[in-house]
There are 2 protein chains.
Amino acid sequence: MNHFDYIDQQILLQIREDARKPFSQIAEDLKISNSLVHQRIKKLKKKGVIDNAEFVVNERKIGYRTKSYVGIRLREARYAEEVVEGLKKIPEILECNYVSGNYALFILIFAVDNHHLREILYEQVHRIDGVAGTDSFICFDTNFRRPVALDSLAKQDFYE
Amino acid sequence: MNHFDYIDQQILLQIREDARKPFSQIAEDLKISNSLVHQRIKKLKKKGVIDNAEFVVNERKIGYRTKSYVGIRLREARYAEEVVEGLKKIPEILECNYVSGNYALFILIFAVDNHHLREILYEQVHRIDGVAGTDSFICFDTNFRRPVALDSLAKQDFYE
DNA sequence: GCTGAAACAAGTAGTGT
DNA sequence: ACACTACTTGTTTCAGC
């Protein structure tokens, strides 16, 4: 079985929204045996399509109220790796990407409040050697957030 | 029990990385009964600290190779809501935020490739009434990605 | 490639301290 | 607030089609 079929797609649709949904119930929904569900999920894991299951934590509820994307400009492009190492040490930075465009790096920060965000940027990020400056895009609100579409995937081969 | 204690913290640390970890094993690790694990997780859900469990899907493996953050400028600020509605209809847009700074909206796109990204922006986003322009920050690579820190949370009250 | 039954493991609820 | 027990449910494996 080396292609991604309807059953894989349906299982994926269900477990990515509820990773604790009983396999037996998925089986019932799809009218297949629960051992097949088990086999398919095993295959999806082996192929790297799915990794682990994670509980979604509401950051606000544990005290992080300020979400912000931040673009980082470097003094010189070759500082990139060192700067990434420096950023990694700041726990409030949850994501870090190399990007095209006006910035060399693009990060996601969750801070307690705006004051805390300012402190992280001015006292920590700006002091990393190689950082020329930052631009913050503070998120006032998240309008929506959703997983990738899976239509048009059935009957395809696995990628990569 | 109206505060967030050491047990809550430890449970949270474990399940957010592995939502399918057996409660009985968590109980064993923390040397508590598994019914307590059950009670605490129930409480964390009720308080809204955790929501559902999700399987992490590797977007690349299902054919989405281009990840990009995109800042959107509006012709006039009052178009914001309409534009959000328009963006919602484009399935490749996985996240949409109201932000401070140079852009009104900030979105996350997963496209098949750069060509597909261009098409989404030029044929779809730019045609939404109210959109003045966009700036793309294509992610060449994600250096790291991690959940929020939980230190300093134990013995705190729940937020909100 | 898939099913079904059997063995095993985990989730849940109630009761008592 | 917690643990223990009994009960229900889900997971996993494997022989057989």
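A, B, ... follow the sequence lines: proteins, then strands. Residue 1 opens every chain.
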Exercise. From C:dT12, C:dC2, D:dT11, pick the nucleotide closest to the side chain of A:F23?
Worked result: D:dT11

Exercise. Quick one: on DNA chain D, does B:I7 or A:P22 contact a more 5' nucleotide (nearest heavy atom)?
Worked result: B:I7

For this session: Quickly work out the B:F4 CZ to D:dA1 P distance and round it to whole Å.
Result: 15 Å

Problem set entry | Heavy atoms from other residues, nucleotides or ligands near CZ of A:F144 exceed 12 (cutoff 6.0 Å) | yes

For this session: Classify the nucleic acid contact of A:S35 as base, sugar-phosphate or nothing, counting any heavy atom under 4.0 Å across all strands shown.
Result: base

Exercise. Expressed in angstrom and rounded to an integer, what is the separation of A:K45 atom NZ from D:dT12 atom P?
Worked result: 8 Å

Problem set entry | For B:R78, the option from B:E81, B:E76, B:E82 that meets side chain to side chain donor-acceptor pair (under 3.5 Å) | B:E76

For this session: To the nearest Å, give me how far apart CZ (A:R40) and P (C:dT3) are.
Result: 9 Å

Exercise. If you look at every strand shown and take non-hydrogen atoms under 4.0 Å, does A:Q25 touch a base, only sugar-phosphate, or nothing?
Worked result: nothing

Problem set entry | Check: A:N102 and A:R73 side chains under 4.5 Å, non-hydrogen atoms | no

Problem set entry | Protein-nucleotide distance (A:I15, atom CD1; D:dT11, atom P), rounded to Å | 12 Å

Exercise. Toward the 5' end of DNA chain C, which comes first, A:L36 or B:K21, by nearest nucleotide?
Worked result: A:L36

Exercise. Where the side chain of A:K42 is concerned, which of D:dT11, D:dT13, D:dA3 is the nearest nucleotide?
Worked result: D:dT13

For this session: State whether the side chain of A:Y64 and the backbone N or O of B:A149 hold a donor-acceptor pair below 3.5 Å, judged by distance alone.
Result: yes

Seminar exercise, completed: Testing C:dT3, D:dG10, C:dA10 for proximity to the side chain of A:Q39, the answer is C:dT3

Exercise. Roughly, in whole Å, what's the span from CD1 in A:I32 to C1' in C:dG1?
Worked result: 12 Å

Exercise. Going by the angle between their ring planes, with limits at 30° and 60°, are A:F106 and B:F106 parallel, tilted or perpendicular?
Worked result: parallel

For this session: Measure from CG on A:N34 to P on C:dG4 and round the result to the nearest Å.
Result: 10 Å

Exercise. Quick one: is A:H38 getting a side-chain N or O under 4.0 Å of the D:dT12 phosphate, OP1 or OP2?
Worked result: yes

Problem set entry | Contact under 4.0 Å: B:R20 side-chain N or O vs D:dT11 OP1/OP2 | yes

Problem set entry | Between P of D:dT11 and CD1 of A:I41, the distance in whole Å | 8 Å

Exercise. For B:L30 and D:dC2, what is the distance between atoms CG and P respectively, to the nearest whole Å?
Worked result: 12 Å

